[in-house]
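The structure under discussion appears below in the form of C-alpha cells.
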Amino acid sequence: MHKPNQFDLFASRRFLPLFVTQFFGAFNDNLFKNAFLVLITFYGLSTAGLDAKTLVNAAAGIFILPFFLFSALAGQLAEKYDKARLAQWIKLLEIGIMLLAGLGFYQKNATVLFVCLFLMGVHSTLFGPLKYSVLPQYLKEEELLGGNGLIEAGTFIAILVGQIAGTLIVQHQPHGETLIIYACVGVAVLGFLSSRAMPRAAPPAPDLRINWNILGETWHIIRHVSHNRTVFHSLMGISWFWFFGSVYLTQLPDLSRNVLNGDPGVYTLLITLFSAGVGLGSTLCERLSGRRVELGLVPFGSIGMSVFGTDLYFALNAAPAAAHYDAWGFIADPAHWRVMFDIAAMGAFGGLFIVPLYALVQTRTEKAFVSRAIAANNILNSLFMVVAALMSIALLKAGLTVPGLLLTVALMNIAVALYIYTLIPEFLMRFLVWIGVHTLYRVRCEGLEHIPEEGPCVLVCNHVSFMDALILAGMIRRPIRFVMDHRIFKVPVLNFIFRTAGAIPIAPAREDAALKDRAFDRVAEYLEAGEVVCIFPEGAITRDGEIKTFRPGIEDIVRRTPVPVIPLALRGLWGSFFSRKDGAAMMKLPRRVWSKIGLVAGAPVPAAQADRDLLEQQVRALRGDWR
C-alpha cells in the first residue's frame, strides 16, 4: 500500500506548476548572471573603464539591491492580487528582460547587461514573497513541510545547474553569445507557460492600499512581524543561514584554487556537493518529522552545520598541497574525501535547519500578512548577505586565511544558535522531544485525524511511563498543555521541556489544595483560548501495566469549560526503561532501543457525554491487549 510522501505533490496541479515556475526562474537568474560574469572575467567585456574584479563585485551588489528596494512592494502585491495571475505578470516581465538582455549579448554591451541584471533582481524580488506565501493556500498542513523542502531543494539545484549551463554555453565560441540569447529567452518562455497552469490563489487582502513609500513600508512590515517573536526570530534564523551559506559559497572559488590546488572543475564539484547536500537535507525534513512542522530539526541542523564546518577546517589543513587537480583527480585522491563529505554534510544540515523555519513562518503568521512576512525575510536576507561580504573582506584583509574565515563562521553559528534558542526555548524543547522519542521508539499512530485542527479540546490518555507526555507532544501536530503530577513536572531535563510547553503541575487536594485550584484555573484559561489540554485521568503512572480507575478531575474540567474530549491510548510502553515494571522507573537497564509502540486516538466525545466511566471504557478499548 502506497504511503503518502512529499513526492506525490509532483502529480498535483496544486504544486507542480509552481515548482516548475520557480525552478525555471532560479535557473534563468543564474544562467544569465554566470554567462555575463564569464564574459567579463574571461573575454574582456567591460564598461566605464573598470577592471574585471570591480565589475564582478559590482554585479553581486546590483543583483541584491532590488531586494532592499522593492521587497516591501512585492509583499503588498502578493497580498492584494491573485498570486497565480501575479506570477504570470512577473514571468511576462522576465521574457521582456531576457529579450533586452539578448540585445546586450548581441552587441556585447556591458551597460545594457548590467541594467538587465538589476531587472532580474527586481523579477526575483517580486516572485519571492509569492512563491512561499502561496504554499499554505495550495497545500494541506501535513503537506507544507514537504512542499517547502521540495521548493528549497529545487531552488538550489536550479542555481547550480544554471551556473554550470551559463558558463558552458557562453564558452562555446565563436557562437556562445548567440546561444545564450536563445537559452535565456527560451527558459523565460517556459517559465511563463508553467505559470499559466498554476491554480487560482485568492488574495488574502484584496482591499489593501499599496504604500509606495519604500522606506516607510519596509520599516512597517519589519516592525509588524517583530511583534510575533517566534516568527521574527525564525526570519532571523533564515537570514543567518544565508549569511552562513554566502560566506562559504563566496569563498569556494578561492578555496578550490589556492587551498586545494584545483582547477575550475574542482570548484564546480564543491558547489555541486553543497547544493546537493541542501537538496538532500530539505527533502529529508518531511521523512524525519513525520509530515509535521517539526521545530526540533532546527537545532539538529544548526549542530550539524557547526560540527562539519569545524571539521572542514581540520580537513583542509590535512589536505595535500603539492599536486594540481582536476575534478576527477580530486575525487580519486582519498585525502579529499573528508573535505567533500564535510561540505555535503554542511549543506544537508543547512537544509534541515532552514526548511522548518520557512514552514513555521507560513503557519504562524496571520494569513493576511504572510506575503509581507516573506518580504521582510528577503530584506533581512539581503542585509545579512551584505554584512557577510563586508565581514569577510575585513577579516581576510586583516590576515585571516580562507580556512580560518570558514572556521570563524562555523563557531559563530554556535553562538547565534544558542542566542536564538535562549530567546525561543520552544526550538530547544522540541529538539529534546524529537531526539528522545525518535531515539527510543518507533511510533505507529492511528486515528490522530480525530484531533481537531483548531479549537479547544481535552485529550485523555492512559499513563504508562515518564515518557508519555513527550511521546504525545512529539506525535501530535498541535501544541499540547499537559496536566501532570507535580513530582513528574520537577524531573530534571523534563522540567525544562514541560515548563517551555506550558505544562500544568497539579497535586491532590490533600497535598496542596491551592496548587490543585490553580491548575484547574489554568486549564480553563487554556481551553477558553482555544488550546489543547491533555490529562492522565488515572492520576499516576501505572505500577502493574493495567489502566486504573479514572478520577473525577476530567468531569470537573468539561463541566467548567464544555469542550470535546478525545480518548487516546498508548500501547507497548509497559516494561520500558521509563515504566515502573520491576520496581522504580529508570533504575534498570533498558531492555529495548528504538522499540515499536503505538498511539491510537478515538472519536471525540461531546462534553455532555464525557463522564469518567465512559472515557475509561473507551481508552481501555483503544489499548486492547497491548500493555
Side-chain angles (χ1 to χ4, degrees), residues 21 24-74 77 86-130 158-159 162-163 165-167 169-171 175-192 195 212 214-215 218 375 378-379 381-383 385-386 389:
T21 303
F24 281 135
F27 176 83
N28 219 16
D29 277 346
N30 290 276
L31 179 73
F32 165 71
K33 184 166 60 175
N34 260 48
F36 181 28
L37 295 180
V38 167
L39 289 176
I40 291 173
T41 305
F42 294 99
Y43 298 100
L45 186 65
S46 183
T47 185
L50 299 174
D51 61 82
K53 184 176 291 188
T54 301
L55 290 175
V56 167
N57 285 298
I62 287 172
F63 185 76
I64 291 176
L65 182 60
F67 289 92
F68 285 110
L69 298 179
F70 304 119
S71 284
L73 174 62
L77 293 175
L86 183 60
Q88 295 166 23
W89 293 343
I90 295 170
K91 289 296 142 180
L92 282 173
L93 173 64
E94 182 184 3
I95 293 175
I97 296 169
M98 288 297 97
L99 288 172
L100 180 60
L103 178 64
F105 281 123
Y106 180 76
Q107 296 180 343
K108 297 185 177 179
N109 188 322
T111 302
V112 171
L113 292 175
F114 267 115
V115 170
C116 292
L117 184 65
F118 177 83
L119 292 176
M120 282 302 284
V122 173
H123 155 268
S124 296
T125 301
L126 294 175
F127 197 76
L130 183 158
I159 290 171
Q163 289 175 337
T167 302
I169 292 173
V170 83
Q171 284 180 336
H175 305 297
E177 292 88 343
T178 303
L179 293 174
I180 200 67
I181 295 171
Y182 292 132
C184 290
V185 175
V187 172
V189 171
L190 291 174
F192 171 71
S195 71
W212 297 97
I214 293 172
L215 293 178
T218 297
N378 290 342
I379 295 167
N381 288 353
S382 304
L383 178 62
M385 291 168 70
V386 170

Show, in sequence, the C-alpha distance, side-chain angles and deciding distance for F63 and D29, and conclude whether the side-chain contact (heavy atoms from CB on, under 4.5 Å) test is met.
CA-CA 10 Å; F63 185 76; D29 277 346; 3.9 Å; yes

Which atom names give the shortest non-hydrogen contact between [X] and [Y], and what distance separates them?
X	Y	answer
F127	A87	CE1-CB, 3.9 Å
F67	I379	O-CG1, 3.7 Å
I180	A35	CG1-CB, 3.6 Å
A183	I169	CB-CD1, 4.0 Å
V187	L31	CG2-CD2, 4.3 Å
G25	K91	CA-NZ, 3.5 Å

Please walk me through it: do M120 and E94 pass side-chain contact (heavy atoms from CB on, under 4.5 Å)?
CA-CA 7 Å; M120 282 302 284; E94 182 184 3; 4.1 Å; yes

4.5 Å side-chain heavy-atom contact, [X] and [Y]:
X	Y	answer
F114	F36	yes
F105	L39	yes
L73	W212	yes

Any donor and acceptor pair, going by atom type alone, linking the side chain of N34 with main-chain N or O of Q163 inside 3.5 Å?
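Answer holds: yes.
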
Sidechain-backbone polar pair: S382 side chain, F68 backbone, donor-acceptor under 3.5 Å
no

Any chance you could measure [X], atom [atom1], to [Y], atom [atom2], to the nearest 0.5 Å?
X	Y	atom1	atom2	value
M98	L93	CE	CG	9.5 Å
I64	L117	CD1	CG	10.0 Å
L126	L86	CG	CG	7.5 Å
I62	C116	CD1	SG	11.5 Å
C184	L179	SG	CG	11.0 Å
F27	L190	CZ	CG	10.0 Å

Begin with the C-alpha distance, continue with both residues' side-chain angles, and end with the deciding distance and a verdict on side-chain contact (heavy atoms from CB on, under 4.5 Å) for V189 and F192.
CA-CA 5 Å; V189 171; F192 171 71; 5.7 Å; no

Taking it one step at a time, do I97 and F32 satisfy side-chain contact (heavy atoms from CB on, under 4.5 Å)?
CA-CA 11 Å; I97 296 169; F32 165 71; over 6 Å; no

